[in-house]
Amino acid sequence: MDMSPYRDLFVSESRNHLATFNALIVQLEDNVFDRAAVDEMFRHAHSLKGMAATMQFDAVTAVAHRMEDLLGRVRSEEIAFCPALADLLLEGSDLLSGMVSAIENGEVPQSDAASLIERLAAFTPGPPESPELPPADADPESMAVDSPPGKSLFRQSDSFNSIRVKTETLDRLVNITGELITTRHRLMDRARRHAGQALDEPLHQLSTLLRELREEVFKSRMLPFAVVADRFPRLVRDLARKQGKEVSLQIEGKEIELDRGILEAITEPLVHILRNAVDHGMEKPDARVAAGKPPGGVVTVTVARDKDHVDITVADDGRGMDPHRLAQKAVEKGILTPAQAYNISRQAALMLVCVPGFTTAVAVSDVSGRGVGMDVVRTAVHVLGGTLAIESETGRGSRFILRLPISVSIIHALLVECGKLTLAFPVNTVSRTIELRRGDIFEEDGRKVFALEGRHIALKSLNRLLRQPLAQRTGPIVPTVVSETGGAMAGLVTDRFLRQEEIFVKPLGIPLSRMKNLTGGTITGDGRIVFVVDASTLV
Amino acid sequence: MSATVMIVDDAVFMRNILRAIITDKGYTVVAEAASGIEAMKILHDQNPDIVILDIILPDANGLDLLESILTVRPQAKVVICSSISQEPIIKKALDHGAKAFIQKPFTPEKVLAALESLEA
């Protein structure tokens with residue numbers, strides 16, 4: 001039987017299993033007597049093994065099998081859970097993750113797992129450090145696993161209340177909905193002009209329905225913050241262990257739902273802030289104790305939703321940042337003059353960490369401190385239409401607050417230069433781009449046209465339509481965007497093609513929203529404002 | 001033949017593959033369940049000819065569930081599907097009323113052979 005149609009499902013299911021598996025390992029380290037967690041981990045390894053065996057991915061099956069065996073030994077209390085065991089399981093999980101990615105790319109997963117498999121099979125714990133466990137009544141022949149309800153992280157059932165939808169499909173739904181709304185505007189325009197008030201009532205109905213549709217489509221793009229946050233505990237744990245620090249991570253608001261596009265965009269920035277919190281922010285246990293703090297530090301990630309925005313806060317109880325020292329460093333680096341440094345506000349001083357190249361790390365660790373991080377974080381937040389705020393108290397800790405809008409549209413767009421503007425054409429309105437030559441352009445019925453696949457297409461000047469200064473053409477090439485919308489097709493002459501990009505589109509507020517030719521705006525990575533063009537009003 | 005079948009397995013992946021294998025051969029999948037509770041709810045209203053049951057489910061003891069199924073639908077032919085290979089357990093399941101056993105990982109041939117053996 002051909003198994004390839006099941007590959008996607010195998011990949012996504014495996015990823016789910018591995019993600020929960022990782023979370024459970026970290027959870028178990030906090031409480032090694034958590035039998036339910038051990039049982040769950042066993043089940044995940046077991047399921048992974050089963051799926052891999054059915055798909056005949058022998059390499060994956062072999063590793064999963066060993067991990068299942070090892071967990072079986074923990075379940076039957078032959079061995080106790082300990083950090084060395086956790087490390088081994090995490091290594092196995094990482095290896096499996098890599099194999100799953102290889103499978104996703106259509107490659108055969110590497111079977112260089114011989115060493116790990118041996119170590120998994122041969123694992124013996126170090127000298128016992130934990131007190132005796134309560135007696136088990138585990139029947140090795142039992143066919144079922146008892147777990148107290150409610151404590152399990154296992155998705156209880158993949159029932160029929162939800163279905164999987166490809167994210168591209170959802171993106172397309174959002175785009176189509178956006179176009180429906182634009183089209184409705186044009187419809188209303190024409191209706192008023194040709195039919196007076198006769199069509200008002202059904203059009204009003206249409207507006208209401210479209211608003212509802214838009215809301216539902218946006219909701220369908222929402223995912224819980226947990227999707228991003230689930231990898232954080234592992235990340236913090238690994239970092240802290242590497243640096244000999246004790247850090248515990250608390251996450252609040254995991255269940256709060258955010259737009260998928262936003263989640264994707266803030267994942268790396270949040271990872272960076274977390275790394276900074278452990279790397280720079282957190283002191284080693286003896287330094288903390290000397291400062292009158294508990295030896296273990298706490299990092300909290302809190303998500304809170306308001307009507308039209310969401311706040312994601314990363315806070316730590318570490319050493320904090322000193323605005324004076326930051327300002328001083330800025331002077332040393334030539335970013336500020338001494339006078340500016342003297343007058344700088346506390347807030348602005350803290351934001352200095354976002355200046356490219358700025359770092360107060362004494363040594364550049366391999367994790368962070370290279371000075372390329374926080375500025376990227378700030379840009380990422382701005383591109384989404386959000387804001388970044390930093391609060392800190394020397395000796396007490398720091399807080400990074402990302403305030404983001406609730407929903408964003410992402411579209412694939414062609415960016416062009418037109419006079420003083422950079423404009424974005426949604427790619428679904430662009431049939432193609434052409435570099436015309438003067439000889440290709442001729443007159444017909446008083447307008448300029450050019451030939452394309454046997455048809456004569458009208459040629460218009462984008463600069464003229466948008467009242468931009470005309471370019472001085474230096475060469476024979478006339479860059480033209482051929483756009484087809486609403487049944488009409490035209491070539492729009494512009495100054496220069498720039499590039500294709502995925503952009504986050506924010507609707508324009510009043511009064512810009514009254515402009516006929518624009519449907520939205522965005523900020524590019526380098527901080528420039530780009531307007532999204534409504535091709536249907538130009539063609 | 002259009003014998004009706006209910007598939008009980010907590011993994012979407014497994015349900016999909018089983019469904020594909022048997023519908024190809026003309027069986028009709030009338031229901032799927034991912035847990036013991038769901039399975040019992042479905043059996044309240046539906047009477048499938050065959051139940052393919054994975055006995056490792058997160059919320060139920062396999063043998064108990066087998067008994068419950070046969071209490072509510074005594075005519076149902078239950079096929080146990082599991083990665084457990086120990087003879088004593090297979091024997092226990094058959095003693096409790098299961099009619100056939102499919103070992104995971106399965107091949108389409110194994111699954112269909114098990115289903116065909118039910119007609120005997």
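In the text below, chain A, chain B and the rest are named by the order of the sequence lines, each starting its count at 1. What you see is a predicted model, and the numbers here were worked out from it, not measured in a lab. Only heavy atoms go into these numbers, but all of them, side chains included; no hydrogens, no water, no symmetry mates.
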When you look at CD of A/Gln56, are more than 12 heavy atoms from neighbouring residues, nucleotides or ligands closer to it than 6.0 Å? no
Take a 6.0 Å sphere around CD of A/Glu107 and say whether it holds more than 12 heavy atoms from other residues, nucleotides or ligands. yes
Any heavy-atom pair between the side chains of A/Thr54 and B/Lys104 that's under 4.5 Å? no
Give the member of B/Leu65, B/Asp24, B/Asn16 that has the highest number of heavy-atom pairs under 4.5 Å with chain A. B/Asn16
Straight-line distance of A/Phe10 CZ to B/Ile17 CD1, nearest 0.5 Å: 10.0 Å
Quick check: are there more than 12 heavy atoms from other residues, nucleotides or ligands sitting under 6.0 Å from NZ of B/Lys110? yes
Does CG in B/Leu70 sit with more than 12 non-hydrogen atoms of other residues, nucleotides or ligands closer than 6.0 Å? yes
In this structure, CG of A/Asp8 is separated from CZ of B/Phe13 (nearest 0.5 Å) by 11.0 Å
